[in-house]
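Structure, as structure tokens:
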Amino acid sequence: MRAPAAGAPPAAAAERPAGAQSAEPLHTARWWRAMPDGRLRCELCPRRCTLRDGQRGFCFVRARVGDAIVLTTYGRSSGFVLDPIEKKPLAHVLPGSTILSFGTAGCNLACKYCQNWEISTSRQFETLAAPATPRALARAAADAGAAGVAFTYNDPIVFAEYAIDTAVACHEAGLLAVAVSAGWISPEPCKELFGAVDAANIDLKGFTDDFYRRVTGGRLNDVLDTLVRVRELGTWLEITTLLIPGRNDSDDEIAAECAWIVSELGAEVPVHFSAFHPAHRMLDIPRTPASTLERARAIARDAGIAHVYLGNVRTRDGAATRCAGCGDLLVDRAGYRVADYRITPDGACPHCARPVPGIWDPAGPPPPTGQWWPQRLAVGA
Ligand code: SF4
């Protein structure tokens, strides 16, 4: 059974789950079904929470109200920030542009090292103080001169209905929609969420199921399936692996990950290796040294991966885009800023004419504004 269409009021919305905003209508969720024993099973992610009336799912933002599961954070955000698109990170999508970034609350994973744990583990719905309809978000992005809207900070999987509606509004306004996600999602909603956006950066948090189970609470194979599906959808895909000393940074694990990417997704999917810093429940592990990221880049290049980026550390050339054919420098970056841009208007290397995969503006990057990032934005409802 498919849930009622999104937007319809739940059958019994009188009993609000604890913590839900009292002034906001609850938004009927999609992707759930009734079980023979009377419980409702959420089918958005592989966790498949089964809920009795009044119960919340693991992600906390989906709850059963009467005969429906509702999304309690539709239309509400923890704030809006104008970010450089490089920060998502996306290296092959309109370099130098800005993107209106926002998240809500909650997460379907429980990463012990979550860098945004205040948002992902939030149970304080009063922190979602910024109401905004999908159209208001698209309008605000356009008014700010942004390339589009990014769903980030917490995983858009848990607010998929809101993200999809916002992606539609962005496209109506001629803007991009971007998802930054851990990719732990069921097949059908995967197609709908990632099919609605233009580009995604998906975390591949490690390459053993043991790491996924112990450190994130998810499952490796589900995420690999998502990566293959997103690639098949034609949505622009980049991958990020955060390397944690002693946990997921062995040569063998990195080599296995890179070999899988080359064989299942193709050598031209950009891969970002980024540095861990102590956070949340992993405060006893040191920062990842730059040498680890450089070692990972060497392994990835040996495996044939064409575009490798290093994040959260300053390294020589770690953020630059080079031609996969002749090695010419195509986009030079200083931090999140584009310092030099040489891709041709038709998206190729000016030296050897090899096409560079990605989403490029024939006019090149917008002129730098001199503005320091991030800028907080107010978005009207
Ligand atoms: S999206 Fe939330 S409620 Fe649904 S199965 Fe996943 S964790 Fe449970």
Side-chain angles (χ1 to χ4, degrees), residues 74-104 130-157 159-181 183 192-203 230 233-240 270 272 321 331 333 336-338 341 343 345 347 356-369 371 373-381:
Y74 189 102
R76 304 194 70 82
S77 160
S78 52
F80 308 99
V81 176
L82 198 59
D83 269 339
I85 202 163
E86 270 80 6
K87 195 176 172 188
K88 298 304 96 190
L90 287 167
H92 289 230
V93 180
L94 305 180
S97 61
T98 56
I99 194 143
L100 191 156
S101 302
F102 81 99
T104 59
T133 63
R135 281 199 176 157
L137 281 162
R139 205 167 44 237
D143 289 349
V149 174
F151 316 122
T152 181
Y153 305 133
N154 70 321
D155 201 311
I157 289 170
F159 61 94
E161 296 88 344
Y162 186 25
I164 290 169
D165 290 351
T166 302
V168 169
C170 283
H171 293 157
E172 286 171 357
L175 300 171
L176 293 184
V178 164
V180 180
S181 171
E192 296 196 45
L193 174 59
F194 291 104
V197 298
D198 304 277
N201 186 301
I202 296 182
D203 285 343
V230 171
L233 285 166
T235 299
W236 177 253
L237 172 66
E238 302 190 20
I239 293 172
T240 294
H272 302 252
T321 301
V331 184
R333 296 180 175 89
Y336 296 131
R337 291 174 185 277
V338 171
Y341 183 91
I343 295 174
V356 188
I359 300 172
W360 314 110
D361 184 341
T369 62
Q371 180 75 44
W373 311 107
Q375 293 177 57
R376 292 215 156 265
L377 283 188
V379 175

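Throughout, residue positions are numbered sequentially from 1 according to the sequence presented.
Using a 4.5 Å cut-off on side-chain heavy atoms (C-beta onward), L237 and F194 make no contact. Considering only heavy atoms from C-beta on, L137 comes within 4.5 Å of Y162 through its side chain. Using a 4.5 Å heavy-atom threshold, the side chains of T240 and P89 count as touching. T321 is listed as a side-chain neighbour of R333, based on a closest heavy-atom distance under 4.5 Å. Counting heavy atoms from C-beta outward, N154 and F159 have side chains that approach closer than 4.5 Å.
Side-chain contact of S181 with D155: a donor-acceptor pair under 3.5 Å is present, judged by distance alone. No hydrogens or angles considered: nothing links the side chains of E238 and H92 as a donor-acceptor pair under 3.5 Å.
The backbone N or O of P95 lies less than 3.5 Å from no partner atom in the side chain of E86, so there is not a single donor-acceptor pair. Formation of a donor-acceptor pair under 3.5 Å by the S77 side chain with backbone atoms of G103 is found in this model.
Applying the side chain to side chain donor-acceptor pair (under 3.5 Å) test to W360 and every residue at least two apart in sequence or in another chain returns nothing. Applying the side chain to side chain contact (heavy atoms under 4.5 Å, CB included) test to L176 and every residue at least two apart in sequence or in another chain returns V93, L94, D198. Scanning for side chain to side chain contact (heavy atoms under 4.5 Å, CB included) contacts around A146 gives L82, T98, A141, with sequence neighbours left out.
The minimum heavy-atom distance linking I99 with G148 is given by the pair CG1-O, 3.2 Å. Considering every non-hydrogen atom in both T235 and G195, the closest pair reads OG1-CA, 4.2 Å. Closest non-hydrogen pair, F80 versus A132, comes out as CZ-CB, 3.6 Å. Minimum interatomic distance between Y153 and S101 (heavy atoms only, all atoms of both residues): OH-CB, 3.4 Å. Annotation for P156 and F151: closest pair CB-CB, 3.6 Å, computed over non-hydrogen atoms. K88 and A150 make their closest contact through CD-CB, 3.8 Å (heavy atoms, listed as atom of the first residue, atom of the second, distance).
The CG atom of L175 sits 11.5 Å away from the OG1 atom of T166 when rounded to the nearest 0.5 Å. Remark: C170 SG to D165 CG distance equals 11.0 Å, nearest 0.5 Å. Taken to the nearest 0.5 Å, the CG atom of L90 stands 8.5 Å off from the CD1 atom of I359.
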